[in-house]
Colleague: 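The structure under discussion is supplied below as structure tokens; questions concerning it will follow.
In each ligand, atom 1 is the first atom listed, and ligand 1 is the first ligand listed.
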Amino acid sequence: MQLKIYDDHHKLSDAVADEIMSLVKTKPGAVLCLASGETPRLTCQLFVQKVKNEKLDISQLTMIGLDEWVNIPPSNEGSCHYFFKNELINPLHIPEKQVHLFDAMSDKLENECRRMDALIRNNGGIDLMIVGIGMNGHIGFNEPGVSFDNYSHVIDLDETTLTVGQKYFKSKATLQKGITLGLKHLQESKKVLLLANGAKKAGVVTKTVEEEVTNTFPASIMQTHANGFVMVDREAASLLKQKN
Ligand code: PGA
């Protein structure tokens with residue numbers, strides 16, 4: 001794992017958008033897994049601009065959504081579906097067949113998990129996985145205590161996630177479970193970028209980078225990834241002992 005520190009959220013997001021651009025240029029048929037949330041929103045917006053400016057052909061790219069709130073419909077502005085539609089699919093007119101998101105309204109969520117696992121496997125695995133970090137150290141909905149060996153699964157959401165997660169919704173949402181790629185997917189991804197910005201993430205960034213690797217703090221798994229990068233802004237790096 002390597003740590004990279006940027007001056008601010010914009011510079012960080014620009015570097016991540018450039019990573020996606022160069023992935024598509026070197027491997028047009030790449031598999032990209034993206035998280036939704038406040039952290040990667042600017043990355044998505046900058047990527048859209050760059051694709052348009054450079055007229056980059058993304059027609060071979062496969063895009064996978066990291067997770068989704070169970071029982072929250074795609075029309076809800078707090079859903080991950082809504083995020084991807086708004087930030088990427090509509091602005092870039094990406095055909096539906098290129099984008100694979102969990103159907104969290106399905107009454108067969110277990111099948112949804114196996115469908116996603118098979119899709120990733122059949123496409124040769126994830127080339128680039130871009131994730132955020134929750135205030136409890138979760139990645140996607142891999143909550144504290146999760147097995148590092150899980151592929152896609154459905155999970156009861158942690159108290160912190162239930163509380164913090166309300167920030168995405170206009171009115172109070174009934175949240176209970178999440179459906180998510182697993183940390184085995186992260187370990188098997190050819191490259192992983194974990195992004196964090198802002199002072200409120202400084203504590204969890206320190207635990208991710210400088211404390212023990214443990215499933216009670218899932219993001220610490222980043223330390224074990226040979227091609228893993230923790231990319232943060234100065235504020236999120238402010239509590240690190242080693243800043244280089
Ligand atoms: P955020 O979410 O980017 O909205 O802070 C991160 C997460 O919970 O994974």
Colleague: Which residue supplies the protein heavy atom nearest to atom 3 (O) of ligand 1, what is that atom called, and how far is it?
Modeller: T39 OG1, 2.5 Å
Colleague: Salt-bridged, K25 to E54, with N to O below 4.0 Å?
Modeller: yes
Colleague: At a 4.0 Å cut-off, with the gap strictly under it, does some heavy atom of M135 reach an atom of ligand 1?
Modeller: no
Colleague: Apply side chain to side chain contact (heavy atoms under 4.5 Å, CB included) to residues L193 and M129 and explain how you reach the verdict.
Modeller: CA-CA 6 Å; L193 314 180; M129 187 167 185; over 6 Å; no
Colleague: In the protein, which heavy atom is nearest to atom 6 (C) of ligand 1, and how far is it?
Modeller: I133 O, 3.4 Å
Colleague: Taking atom types as modelled, find out whether D103 and H81 have a side-chain donor-acceptor pair closer than 3.5 angstrom.
Modeller: no
Colleague: Using a 4.0 Å cut-off to any heavy atom of K167, which atoms of ligand 1 qualify?
Modeller: 1 (P), 4 (O), 5 (O)
Colleague: Just to confirm my output: which protein heavy-atom neighbour is closest to atom 4 (O) of ligand 1, and how far is it?
Modeller: Y168 OH, 2.5 Å
Colleague: List every atom of ligand 1 that sits less than 4.0 Å from any heavy atom of G134, numbering the atoms from 1 in the order shown and giving each element.
Modeller: 7 (C), 8 (O), 9 (O)
Colleague: Compute both the distance and the angle, then confirm whether K191 meets the cation-pi test with F229: under 6.0 Å from the six-membered ring centre, within 45 degrees of the axis.
Modeller: yes
Colleague: Checking a contact table here: which protein heavy atom is nearest atom 5 (O) of ligand 1, and how many Å away?
Modeller: K201 NZ, 2.7 Å
Colleague: Provide, to 0.1 Å, the distance between atom 9 (O) of ligand 1 and the closest protein heavy atom, together with that atom's residue and name.
Modeller: H138 NE2, 3.3 Å
Colleague: So F169 and W69, would you call those rings parallel, tilted or perpendicular, with 30° and 60° as cut-offs?
Modeller: perpendicular
Colleague: Going through the checks in order, is the side chain to side chain donor-acceptor pair (under 3.5 Å) test met by Y151 and E188?
Modeller: CA-CA 10 Å; Y151 288 102; E188 291 178 357; 2.6 Å; yes
